[in-house]
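In what follows, chains are A, B, ... by sequence order, proteins preceding strands, each numbered from 1. None of these values were measured; they are calculated from a predicted model.
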Protein chains: 2
Amino acid sequence: MPRPTPGFQIEAASEDKRDDAPDIRVDPLDSPLAAGSLFESLRRDLIDGHFVAGEKLVISVLKDRYRVGLSPLREALNRLAAYGLLEQTHQRGFRVPALMQDDLEEIAKMRLELECMALRRAMERGDTEWESRLLAAVHRLRRAEANQLPLHEWEVLHRAFHRTLISPCGSRWLLRFIDQLHDQFDRYRRQAPTNAKIRSRRDDQHYQLAALSIERDQSAAITLMEDHIRFSFEVALAAVNPAVTPD
Amino acid sequence: MPRPTPGFQIEAASEDKRDDAPDIRVDPLDSPLAAGSLFESLRRDLIDGHFVAGEKLVISVLKDRYRVGLSPLREALNRLAAYGLLEQTHQRGFRVPALMQDDLEEIAKMRLELECMALRRAMERGDTEWESRLLAAVHRLRRAEANQLPLHEWEVLHRAFHRTLISPCGSRWLLRFIDQLHDQFDRYRRQAPTNAKIRSRRDDQHYQLAALSIERDQSAAITLMEDHIRFSFEVALAAVNPAVTPD
DNA sequence: CGAATACAGAAAATCGATTTTTTACAAAAA
DNA sequence: TTTTTGTAAAAAATCGATTTTCTGTATTCG
């Protein structure tokens, strides 16, 4: 059964005046991209934890909730399954993957390998334009933290920062795999609690990552990237093992 | 427009007696897994090159060709797009990605990184059971080559060998990404010509790979894996640049 | 004569209904 | 009481029709 999160406040009630539902990103009824935008909506809701891990997704319920027809909905679910954010079993529908410590460890390990590889290449290939965009991205991210912007804004900027950092790595496949792993990782991280200490350390790491990368200090940047991912992993662990929130 | 390959000998003519069409792997009409098996059929036909690279896939044509309804077909296409074997543009359907040298280079580079990583881990973790399965796999593969089994049989055994080689690497994501890259790579390789010399060298490499991996000779095995992928890359290059078939 | 526009045909995307399969529950038998 | 079997409800999967969007062509206007 879906969790009663603020993301789903559309009830069967009033059919008009949807503009005041800030948590729903796209109104599929007005948009001609039902299947495509639905994929994005579902993707985000899955990562945000708006569904209980392990939960079975009942098509007819989703259909009502997102106000779309059967075909675009099933197409979006199929894409999500191919992407790894859903599991599909023949004749018994779609299921949200459970959260398991083994999985999280594996995902973190892969992130470590791939993101360090990407960062190394990015430092070799990045130009002034990249350096500029990176500085801009880290600045936006830190301001969002300092100014206590809503969590969602921060998440968007955080993802943008990491993407910018490795964007000149030269491999679309590498970027694609890392994106996929980030989505998987964030399912855990978003479930884990944070505190000021965690956020502050993370904030520093982001800034230092940008600085060292621009300076082309390869070994220091790579080491920091490893630290950053390991630290995020420690934090995310609390999603599967609530005892171990680090401070 | 689809190429007139033997895979598609079903014309609009006789509506009965489909059993004599050996190249169609599953008859979706008899199977209750239309969408799932259709994904596999399309995946294989895409890798086999039964579609022209860059070609636009017309839904209604595919519908007739594979004899399925619109919904399972579109679901399969969506999954293939998420998987990277098709490109989707909103409101203008699905397209087979073009073959480009840049892409091939990138794919080969990623294969090099990921498969070496996986092989290293597999050698650390593989047990006797793995060694046995690996010997069996390489034996089947070499016998298929020696006995001139049909190409398709060899392709299946070839894929099975590579999968077995790295199977104990301990990371589902790593295996998944490598599988995906193999599919991409094979789109090129299958288009490139081979000769006895190429096949013989490749055959040797497979045998040596198995032997060195079982002996746990890490550096030699990794070096050979690099050679193997580089060599396959050289061969596959002919798919985009017909002048350079190596001998 | 060239560019812009309107039209017609084709194709993609979506919808709602139908079919098939699974699941849950209850009744009967061991 | 427990297991088995039958039945009804629910859900998934598929189908064919409908709607929307695009594309190519021909016609009109500048």
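One interatomic measurement links the two molecules: CZ of B:R67 to P of D:dC15, which rounds to 13 Å at whole-angstrom precision. If you measure from atom CG of A:D64 to atom C1' of D:dA11, you get 13 Å, rounded to the nearest angstrom. Atom CG of A:L70 is separated from atom C1' of D:dA12 by 9 Å (rounded to the nearest Å). Rounded to whole Å, atom P of D:dA13 lies 13 Å from atom CG of A:L62. As a whole-Å value, the separation of A:L73 CG from D:dA13 C1' is 13 Å. The interatomic distance linking B:E75 (CD) with C:dA13 (P) rounds to 14 Å, in whole Å.
No donor-acceptor pair closer than 3.5 Å links the side chain of B:Y188 to the backbone N or O of B:Q101.
Listed by chain and residue number, B:H206 satisfy the ring pair (Phe, Tyr, Trp, His ring centres under 6.0 Å) test with B:F161 (two or more places apart in sequence, or in another chain). Not counting sequence neighbours, the partners of B:F177 by the ring pair (Phe, Tyr, Trp, His ring centres under 6.0 Å) test are A:F177, B:W173. The salt bridge (charged side-chain N to carboxylate O under 4.0 Å, His left out) search around B:R159 returns B:D183, B:D186, not counting sequence neighbours. Contacts of A:E87 classified as side-chain hydrogen bond (donor to acceptor under 3.5 Å, both in side chains), with partners at least two apart in sequence or in another chain: none. In this structure B:R143 satisfies the salt bridge (charged side-chain N to carboxylate O under 4.0 Å, His left out) test with no other residue, sequence neighbours excluded.
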Could you run down the sub-3.5 Å N/O contacts of the protein with nucleotides 7-12 of chain C?
{"from": "C:dA12", "atom 1": "OP1", "to": "B:L57", "atom 2": "O", "distance (Å)": "3.3"}
{"from": "C:dA12", "atom 1": "OP2", "to": "B:I59", "atom 2": "N", "distance (Å)": "3.1"}

